[in-house]
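Reviewing the structure listed below.
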Amino acid sequence: MGVIKNYGHLLPVTEKTPQITLEEGNTPLIYYPTISHDLGINLYGKLEMCNPTGSFKDRGMVLAVAKAIEEGARALICASTGNTSASAAAFAATAGVPCFVLLPAGHVAMGKLAQALMYGAKVIAVRGNFDKALEMARKAAENDGYAIVNSVNPYRLWGQRTGAFEIVDRLGDAPDWHALPVGNAGNISAYFAGFCQYKEIKKSTKIPRMMGFQAEGAAPLVTNKPCPNPETVATAIRIGNPVSAHLAREAVEKTNGEFNSVTDEEILAAQRYLASKGGIFAEPASCAPLAGLCKLKREGRLPSGITVTMVQTGNGLKDPDTALKQVGKPIEIGDTLDELLAVMKG
Ligand code: AN7
């Protein structure tokens, strides 16, 4: 059905809002038996990578694009580390509006770049980082007829609240902890707002501790100051000056949550762990929460028996380069059964 049809009654939707959809949302919430056992918790993954463009961005983008059209926009613009651009380009395509996307040149995963180009967006590579590209996009959007669809657009965060609604609808109540990767800090703010909204209308009895994980080389919310030259293998969260920092801080403070950082090595180890023990191949940024939970476990700061949900924000297939650099090559053999049997015997 999609986010607008499913949850429109809880969102700023009117009869005039175009009913755009790519059937985003309604993603699986899966239980990880092996990893839960290892960590001594009940661990669930919200598979946002199962959205139509392979990331969580579709939930907010559908609403941002629908409202932009409702309000008379003639073109969309965004800056992106990759996933926002893929999502914006896809919804622009289905809605029939032009879309301009600004990407940090050379720092976007291959799959995301392919997506934006295939959906037909005008793709512009900026020789600078994401923060700089976002500044440019915001300025350009001041021109008449352009709608900016980054998470500075409030409808993005409204749409992304629906992830929290679905978790509560599925579990029957909110989890104890909710863990997610933090880049521009929109998603953690949106989930917090969603959990609060659901508690207010008595769909849940509690609000989880909001646990935000950043990459060590791009951790402005942990260090409490902007990071002028963010660097991490998790290019999705290679962001030094998050626009929703104030909202994210509020989410963490009000829930007694925390921001923490994990190294690139920890992120990649978590990516292999999630794939090989959980059966889910998520992109590096999406594995920051699991890396963070493992770190807290090592430090003796992960209470046993709690229910934790983590957001698997993007699909591992978007960034095959990073994956292939970590794992061995296939074992190549000739086309004889003897060679195959020899390999199988080890
Ligand atoms: C896979 O696409 O900012 O903290 O421009 O792609 O809400 O920014 C992506 C962010 C986490 C961080 N995981 O979410 C963009 C962009 C993945 C992401 C984040 C992103 P926010």
Side-chain angles (χ1 to χ4, degrees), residues 45-51 53-61 64 77-90 101-104 107-109 111-113 115-116 121 123 126 129-134 137 148-153 156-157 159-161 163 179-194 210-215 218-221 230 232-249 251-252 259 262 267 270-271 281-292 310-319 322:
K46 181 66 171 155
L47 299 193
E48 289 296 280
M49 52 199 292
C50 293
N51 275 298
T53 75
S55 90
F56 72 101
K57 303 286 184 183
D58 295 345
R59 278 181 198 281
M61 195 58 74
I77 185 165
C78 68
S80 178
T81 57
N83 280 324
T84 294
S85 69
S87 189
V101 309
L102 279 64
L103 305 175
H107 291 279
V108 170
K112 302 173 189 178
L113 188 59
Q115 285 182 289
V123 179
V126 176
N129 63 29
F130 166 83
D131 304 282
K132 194 70 213 178
L134 179 57
I148 187 152
V149 294
N150 280 101
S151 54
V152 292
N153 179 322
R156 281 278 311 282
L157 300 196
Q160 284 171 215
R161 288 185 186 203
L180 61 190
V182 176
N184 219 10
N187 210 27
I188 190 169
S189 308
Y191 268 91
F192 174 61
M210 301 299 292
M211 307 294 286
F213 294 99
Q214 299 204 286
L221 289 161
T232 168
V233 69
T235 51
I237 51 173
R238 187 175 169 272
I239 295 174
N241 195 10
V243 293
S244 297
H246 56 297
L247 296 174
R249 280 208 187 87
V252 161
F259 292 115
V262 286
I267 288 172
Q271 189 187 26
F281 180 27
E283 67 167 280
S286 292
C287 302
L290 180 57
M310 60 178 177
V311 187
Q312 251 76 76
T313 47
N315 198 310
L317 295 171
K318 285 172 177 273
D319 189 1
T322 303

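Computed from a predicted structure; not experimentally measured. Both counts, for ligands and for their atoms, begin at 1 and track the order of listing. Only heavy atoms go into these numbers, but all of them, side chains included; no hydrogens, no water, no symmetry mates.
Residue contact annotation: Lys112 has no non-hydrogen atom under 4.0 Å from ligand 1. Distances from ligand 1 to the non-hydrogen atoms of Ala185 include at least one value under 4.0 Å. The shell of residues lying under 4.0 angstrom from ligand 1, judged by heavy atoms, excludes Ser151.
Side-chain contact of Thr313 with Ser286: a donor-acceptor pair under 3.5 Å is present, judged by distance alone. With 3.5 Å as the limit, one finds no donor-acceptor pair spanning the side chains of Asn187 and Glu48.
Taking distance alone, with nitrogen or oxygen atoms compared against 3.5 Å, Ser286 stays at or beyond that limit from ligand 1. Geometrically, ligand 1 and Glu283 share no nitrogen or oxygen pair separated by less than 3.5 Å. At least one N or O atom of Gly186 sits closer than 3.5 Å to an N or O atom of ligand 1. In terms of N/O distances under 3.5 Å, ligand 1 is not approached by Phe130.
Residues satisfying the ring-ring contact (aromatic ring centres under 6.0 Å, His included) criterion with Phe130, sequence neighbours excluded, are absent altogether.
In this structure, Arg156 contributes its side chain and Val149 its backbone to a donor-acceptor pair below 3.5 Å. The main-chain N or O of Thr53 is found under 3.5 Å from a side-chain atom of Asp58 such that the two form a donor-acceptor pair. Looking at Asn150, its side chain does come within 3.5 Å of a backbone N or O of Ala79 through a donor-acceptor pair. Distance alone, capped at 3.5 Å, places no donor-acceptor pair between the Ser87 side chain and the Asn83 backbone.
Of all protein heavy atoms, the one closest to atom 7 (O) of ligand 1 is Asn187 N, 2.8 Å. What sits closest to atom 10 (C) of ligand 1 on the protein, heavy atoms only, is Lys57 NZ, 3.2 Å. The closest protein non-hydrogen atom to atom 18 (C) of ligand 1 is Ala236 CB, 3.5 Å. Looking at atom 2 (O) of ligand 1, its nearest protein heavy atom turns out to be Thr84 N, 2.7 Å. For atom 6 (O) of ligand 1, the nearest protein heavy atom (residue, atom name, distance) is Asn83 ND2, 2.7 Å. Scanning the protein for heavy atoms near atom 20 (C) of ligand 1, the closest one is Phe56 CE2, 3.7 Å.
Per-residue contacts place Thr81 under 4.0 angstrom from the following atoms of ligand 1 (heavy atoms of the residue considered): 2 (O), 3 (O), 5 (O), 9 (C), 15 (C), 16 (C). Those atoms of ligand 1 with a heavy atom of Ser80 less than 4.0 angstrom away are 2 (O), 5 (O), 15 (C). Below 4.0 Å from some heavy atom of Ile239 lie the following atoms of ligand 1, by number and element: 3 (O). Residue Val182 has at least one heavy-atom neighbour below 4.0 Å for each of these atoms of ligand 1: 4 (O).
Heavy atoms only, all atoms of each residue included: Leu221 and Ala248 are closest at CD1-CB, 4.5 Å.
Of all the heavy atoms of Ile237, the ones lying under 4.0 Å from any atom of ligand 1 belong exclusively to the side chain.
To the nearest 0.5 Å, atoms CD (Glu283) and NZ (Lys112) are separated by 3.5 Å.
Checked options Asn153, Val152, Thr84; the residue passing with Cys78 is Thr84 (criterion: side-chain contact (heavy atoms from CB on, under 4.5 Å)). Looking at Thr81, Ile239, Asn241, Asn129 one by one, the single match for side-chain contact (heavy atoms from CB on, under 4.5 Å) with Pro230 turns out to be Asn129.
Summarising the contacts of atom 8 (O) of ligand 1 with Thr313, Leu157, Asn184, the nearest heavy atom is found in Asn184.
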For this session: Please test Ile77 against Leu102 for side chain to side chain contact (heavy atoms under 4.5 Å, CB included), starting from the C-alpha separation and ending with a verdict.
Result: CA-CA 8 Å; Ile77 185 165; Leu102 279 64; 4.2 Å; yes
